[in-house]
Amino acid sequence: MTDPAVRTRVPHVLILGGTTEARRLAADLTDRLPGTRVTTSLAGRVAAPRLPAGEVRIGGFGGPDGLAHWLREHAVDALIDATHPFAGTISFNAAQAAATAHVPLLALRRPGWGPGPGDTWHPVASLTEAAAALPALGLRVFLTTGRMGLAAFAHLTDLWFLVRSVDAPEPPFPPRMETLLDRGPFTLDGERALLRDHRIDVLVTKDSGAAATAPKLTAAREAGVPVVVVRRPAVPAGVPVVESPGEAAEWVVATVG
Ligand code: NAP
């Protein structure tokens with residue numbers, strides 16, 4: 001059956017989502033461009049995701065070729081990669097697919113965090129490097145890098161971990177671990193209490209740059225807790241980047257409006 005967007009030539013925007021910024025952009029575009037079809041794509045990692053305005057599709061595309069096929073089949077006029085800064089594979093796939101299907105592509109990336117006065121940060125390039133840094137920094141670890149990738153810490157049998165994630169982790173993970181199922185935004189008071197009550201002596205985080213999860217950095221600074229910060233992967237070469245949903249909406253309006 002012919003896709004409705006092809007039949008009626010309604011402009012079609014695809015947002016690769018899974019972030020607060022992607023939801024804000026979808027809400028903004030459905031308001032500002034009522035005659036435009038706005039679809040958000042989610043990977044399907046979270047059991048009960050927060051759903052954005054507009055249409056939603058869930059699940060992988062099958063690599064860059066699958067995404068290029070989807071872009072053509074659904075007559076997509078503009079693609080916005082608004083995925084999490086650490087979702088490097090889908091961003092690479094988006095760059096390839098957009099080039100193949102000749103669809104304009106924009107990356108929306110919230111700004112990263114930076115250390116301020118009083119912070120003790122240890123920047124690392126990967127979860128493996130983060131795990132290697134930990135034994136020298138403390139025995140009780142607050143791990144906020146998500147439930148994927150816990151295998152990198154599984155060999156650290158002498159350390160105790162507080163792992164916070166949206167859904168429950170699956171093995172392999174460290175043997176001495178307590179799980180806290182929760183999803184931001186988090187408060188400064190709550191983060192202070194977590195560090196204190198669990199006698200945390202080192203925090204591990206990705207440089208996700210989100211306001212909703214930044215209070216843990218302030219709480220760590222106040223408590224003199226060192227922070228191991230995993231640096232972001234680069235945005236694929238040649239892809240223009242903006243930092244806010246508002247700027248991304250302007251780009252969409254200029255591209256399809
Ligand atoms: P990833 O490693 O970059 O992607 C792995 C595969 O998942 C991709 O090849 C793609 O499968 C599929 N995929 C990823 N994002 C997708 C999307 N928005 N729509 C459809 N398929 C998608 O990604 P990840 O790190 O596992 O993250 C998955 C999703 O969770 C992302 O959408 C991201 O925005 C969100 N998220 C990630 C993190 C994080 O720390 N990584 C944190 C919060 C939210 P195919 O190759 O089959 O297309």
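Read the numbers this way: they start at 1 and go in the same order the structure lists the ligands and their atoms. We're numbering straight along the sequence, starting at 1.
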Can Arg196 and Glu222 be counted as an ion pair, charged N to O under 4.0 angstrom? no

What do the steps show when you test Ser91 against Arg109 for side-chain hydrogen bond (donor to acceptor under 3.5 Å, both in side chains), and what is the final call? CA-CA 11 Å; Ser91 296; Arg109 289 286 181 283; 2.7 Å; yes

Measuring from the heavy atoms of [X], does anything fall under 4.0 Å of ligand 1?
X	result
Gly59	yes
Leu42	yes
Gly88	yes

Subset of ligand 1 atoms that lie under 4.0 Å from at least one heavy atom of Ser41: 17 (C), 18 (N), 19 (N), 20 (C)

Quick check on side-chain hydrogen bond (donor to acceptor under 3.5 Å, both in side chains): which of Asp77, Thr36, Thr39 does His12 satisfy it with? Thr39

For [atom], what's the nearest protein heavy-atom neighbour? Residue, atom name and distance, please.
atom	result
atom 47 (O) of ligand 1	Gly62 N, 2.8 Å
atom 1 (P) of ligand 1	Thr89 CB, 3.8 Å
atom 32 (O) of ligand 1	Gly17 O, 2.9 Å
atom 44 (C) of ligand 1	Gly18 O, 3.4 Å
atom 24 (P) of ligand 1	Ala87 CB, 4.0 Å
atom 13 (N) of ligand 1	Ala43 CB, 3.7 Å

Establish whether Val163 and Phe153 are linked, either directly or via other cluster members, by ILVMFWY side-chain heavy-atom contacts under 4.5 Å. yes

May I ask you to check whether over 12 heavy atoms, not counting those of His69, lie within 6.0 Å of atom NE2? no

For ligand 1, does Asn93 get within less than 4.0 Å through its side chain, its backbone, both, or neither, judged by non-hydrogen atoms? side chain

Mind checking whether Met148 contacts ligand 1 via backbone (N, CA, C, O), side chain (CB onward), both or neither, at a 4.0 Å heavy-atom cut-off? neither

Given [options], identify the one with the heavy atom nearest to [atom].
atom	options	result
atom 37 (C) of ligand 1	Arg45, Arg57, His84	His84
atom 14 (C) of ligand 1	Asp65, Ile90, Asp81, Thr145	Ile90
atom 46 (O) of ligand 1	Gly66, Gly60, Gly63	Gly63

Any chance you could lay out the side chain to side chain contact (heavy atoms under 4.5 Å, CB included) test for Phe186 and Thr144, step after step, and finish with the verdict? CA-CA 12 Å; Phe186 302 108; Thr144 63; over 6 Å; no

How far apart are the C-alpha atoms of His74 and Leu14, what are their side-chain angles, what is the distance that settles it, and do they pass the side chain to side chain contact (heavy atoms under 4.5 Å, CB included) test? CA-CA 9 Å; His74 295 82; Leu14 177 65; over 6 Å; no

Is the shortest side-chain heavy-atom distance between Glu178 and Trp160 below 4.5 Å? yes

Is there side-chain contact between Pro85 and Asp207, with at least one heavy-atom pair below 4.5 Å? no

So, is [X] polar-close to ligand 1, with some N/O to N/O distance under 3.5 Å?
X	answer
Phe61	yes
Thr19	no
Lys206	yes

One should read off an interatomic distance between Leu67 CG and Arg72 CZ, to the nearest 0.5 angstrom, of 10.5 Å

Reported CZ-to-CZ distance for the pair Arg183 and Arg50, which is rounded to 0.5 angstrom: 4.5 Å

